[in-house]
Structure formats: structure tokens, C-alpha cells
Q: 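Input: one structure, supplied below.
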Amino acid sequence: MVLLLQLLLVRRAPNPAVGIETNPATLPGLGFAWLGLAVVGLSVLWNFRYTRIARQLRTLDRPSKSQTILQLKIGLGLSLGGMLVTLLATASIVGALTVRVQQGSFGGTGGFNLTVQPIDFQIIQASLNTILAHYAGLVISLGLLNQISNRPE
């Protein structure tokens, strides 16, 4: 998240030859990256509910096994959807960078829109960190689902 927030501050960089521009090729990837990060936030909030469900399971008025499994499946869906969106973001950004490198502009002979910037690699790193967060949510949800599924009603 910090890397994407840094991007908001550094997204516009001066280029004496062209003026101040943004790179339009990576904008779709950035949109997907922000969406993936938003889904991580939703997933964290949803996974926090697991602690509440665990407390309820210790009481006499506990949710049914099917209700608990449904909650876990919703968490799995959030993590899988967020991972898909973030993978699309990463693929889009890497694709845009590949095109710019193939145009022979690595190092800055073209305008700012054609130059590979260090911030571009930070965007990729931020997307990979978001994928890792979704993966952790998947592992936790699958572990809990495995424990719940193996218990009798």
C-alpha cells in the first residue's frame, strides 16, 4: 500500500523535453492494482469476522456448520477475486513496460511516456505484495474450512 501511495505523490514527474506528463500505458494496471488493494481491505475486514465467529462457536447460541462454511467461502471468494484483479494489474503493467522496453527507450532517449522509470518497478512490487496478502487470506480461509469440514455437526 505504501508503494502505491508513493505513486500518487510521484506519478507526475518533470521532463524538460516534454513537460509534465503521466504514463497512460500503465493507468489501466494502476486501476486494477488499486481495486486489488481495496479488495484486500475488504478481505481483512471479512476475515476479522472469523474471530467473532470463533467466539460464537464457544457459546451455546453458535452458528450452524453450514453458516460457518458459508462465511469461509465468502472470504475465499474475496481473496480469489482480489488475487485475480491484482494479477490482471500486474500483467497489464508488465505488458506496458515490455512494450516500452521493446521500443528501445530503456534509458530515456524518448519522451517521459516511453521511458521506463524506477516507479514502474515499484508498482510491480506493490502488486506482488498485494497478491501475497490475498494468498495469505486464502491459506487462512482454506485452513479454517478444512478444520470445520472435518468436524461433526
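All values below were derived from every heavy atom in this structure, side-chain atoms included, with hydrogens, water molecules and symmetry-related copies excluded. Remember, predicted model here, so these are calculated numbers, not experimental data.
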Q: Rounded to the nearest 0.5 Å, what separation is found between the OG1 atom of Thr130 and the CD atom of Gln125?
A: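 Answer rounded to 0.5 Å: 9.5 Å.
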Q: So do Val39 and His134 actually touch side chain to side chain, heavy atoms under 4.5 Å?
A: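 In contact.
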Q: Would you please name every residue forming a side-chain contact (heavy atoms from CB on, under 4.5 Å) with Gln56, sequence neighbours left out?
A: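 With sequence neighbours excluded, Gln56 shows a side-chain contact (heavy atoms from CB on, under 4.5 Å) to Pro63, given in chain and number order.
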Q: Could you pull out every donor-acceptor pair under 3.5 Å between side chains of residues 136-144 and any protein atom, sequence neighbours left out?
A:
residue	atom	partner	partner atom	Å
Ser141	OG	Tyr50	OH	3.1
Ser141	OG	Gly137	O	3.1

Q: Please report the interatomic distance CG(Leu57) to CD(Gln67), rounded to the nearest 0.5 Å.
A: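 Leu57 CG to Gln67 CD: 10.0 Å, rounded to 0.5 Å.
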Q: Side-chain polar contacts of residues 72-90 - donor-acceptor pairs under 3.5 angstrom, sequence neighbours left out - could you list them?
A:
residue	atom	partner	partner atom	Å
Ser79	OG	Ser43	OG	3.4
Ser79	OG	Gly75	O	3.4
Thr86	OG1	Gly82	O	2.7
Thr90	OG1	Thr86	O	2.9

Q: Between atom CG of Leu37 and atom CG of Leu42, what is the distance when rounded to the nearest 0.5 Å?
A: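 Nearest 0.5 Å value for the CG-CG distance: 10.5 Å.
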Q: If you group Ile, Leu, Val, Met, Phe, Trp and Tyr whenever their side-chain heavy atoms sit less than 4.5 Å apart, what else falls in with Val44?
A: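 Joined to Val44, directly or through intermediates: Val40.
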Q: Mind checking side-chain hydrogen bond (donor to acceptor under 3.5 Å, both in side chains) for Asn146 and listing every partner two or more places apart, or none if nothing turns up?
A: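 Here the qualifying residues are Asn150.
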Q: Enter the distance from Leu145:CG to Gln147:CD here, rounded to the nearest 0.5 Å.
A: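 If we round to the nearest 0.5 Å, Leu145:CG and Gln147:CD are 10.0 Å apart.
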Q: Applying the 4.5 Å side-chain criterion to the ILVMFWY set and letting contacts propagate, would Phe32 and Ile124 be lumped into a single cluster?
A: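 Shared cluster, no.
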